[in-house]
Amino acid sequence: MHIVRTVQAMRHEHEQWTGSVGLVPTMGYLHRGHLSLVEHARAENEHVVVSIFVNPTQFGQHEDLASYPRDIEHDLQLLSKLGVDVVFLPTVDEMYPSGFTTYVTPEGPLVEQGEGAIRPGHFRGVATVVLKLFLIIQPQRVYFGQKDAQQVVVIRRMIEDLNLPITMQTLPTIREADGLAMSSRNSYLTSIERARAPVLYRALSAAMDTFDPQHPANAQDIIQAAREIVDSMPDIRLEYIEIRDYNTFLPLQTLRPPALLLIAVRIGKTRLIDNFVLHTDGRWDTGLIGDQLSHANP
Ligand code: AMP
């Protein structure tokens, strides 16, 4: 496994390769959710690149860029067991040298609502870094987690809008045994907060359970079922519970597939997001419990 820190060295690696390249972009502090993306990339491509880069441009001024968890040694140890060819580990200066001026700015309701409303500029940072990674690494396939549902829609749109010759694979959210979606940010939680954190999964489950495919329901009624679960927990601040169209991300008045059921809360200082997907065939994608999967154990 090669550790590559510069754009030039990454291009050099690429020149040696003939087959397809799969890319998994990450911010590190890897968990089984990330590893499931890497395993899929490994199974589908001749060459696998994992990028680890805590991208400053996607963090707001008062967000957790400085405190974002990092453990490169452990990350490399995990990736080396999965047959990764290259870990792309650039510095901030390598990605944003002095004089950097050119950003990718998605516009419209897709980035003004949901996460975009709470984190202005977030998707501009995401789209910019992801396009740069695509151009530096030149993958045929890229792997993203359903966990970040709006990010998936933004990147899918960017690939289509800019005619990028790339196939995007979106993979299910990997969860802890109690339903909490795995996230690098879970490490911020105190033990009391961690015990409360499955509330996101329970709220989404309560909303899902009220849905009867024979009688598509008013979105507000479904949201209310989720809201009651959150309200019953102490010290949890609800940011949003929403029902949106899976493709356009526009809000739905009536829950009909394909749709996203999305939640964001604050527990103490930690912000957590989660979602379930309602597919066109009426099937729900609620994610997978990580302990039951075969990955190397982080
Ligand atoms: P991050 O390191 O948080 O930027 O995430 C890197 C990639 O891993 C993104 O595509 C995320 O959506 C994905 N990811 C994060 N958490 C999970 C999870 N619990 N299950 C599946 N994918 C995830």
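Position 1 is the first residue of the sequence, and the numbers go up from there. Each ligand, and each atom within it, is numbered from 1 in the order the structure gives. All values below were derived from every heavy atom in this structure, side-chain atoms included, with hydrogens, water molecules and symmetry-related copies excluded.
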Exercise. Could you please spell out the steps behind the salt bridge (Lys or Arg N to Asp or Glu O under 4.0 Å) verdict for E115 and R271?
Key: CA-CA 11 Å; E115 289 298 287; R271 201 169 168 268; 2.7 Å; yes

Quiz item: What part of S184, side chain from CB on, backbone N/CA/C/O, both or neither, has a heavy atom under 4.0 Å from ligand 1?
Solution: neither

Self-check item: Proximity to ligand 1 by part of M27, non-hydrogen separation under 4.0 Å
Solution: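 The answer is both, backbone and side chain.
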
Answer with yes or no whether [X] contacts ligand 1, where contact means a heavy atom under 4.0 Å from a ligand atom.
{"X": "R175", "value": "no"}
{"X": "G287", "value": "no"}
{"X": "G290", "value": "no"}

Quiz item: With clusters built from Ile, Leu, Val, Met, Phe, Trp and Tyr whose side-chain heavy atoms come within less than 4.5 Å, directly or transitively, what are the remaining members of the cluster of V54, listed by chain and number?
Solution: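 Members besides V54, by chain and number: M27, F59, L65, Y68, Y188.
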
Self-check item: Criterion salt bridge (Lys or Arg N to Asp or Glu O under 4.0 Å) on D161 and R157, from CA distance to verdict
Solution: CA-CA 6 Å; D161 292 347; R157 272 256 54 106; 2.7 Å; yes

Self-check item: Test item: side-chain donor near acceptor, R244 and Q113, under 3.5 Å
Solution: yes

Practice problem: Establish, from distance only, whether the side-chain atoms of Y143 and E39 form a donor-acceptor pair under 3.5 Å. | Solution: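 Result is no, nothing qualifies.
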
Quiz item: Heavy atoms only: which of V38, L35, D148 is nearest to atom 11 (C) of ligand 1?
Solution: D148

Quiz item: To which of Y29, Y68, F144 does the heavy atom nearest atom 3 (O) of ligand 1 belong?
Solution: Y68

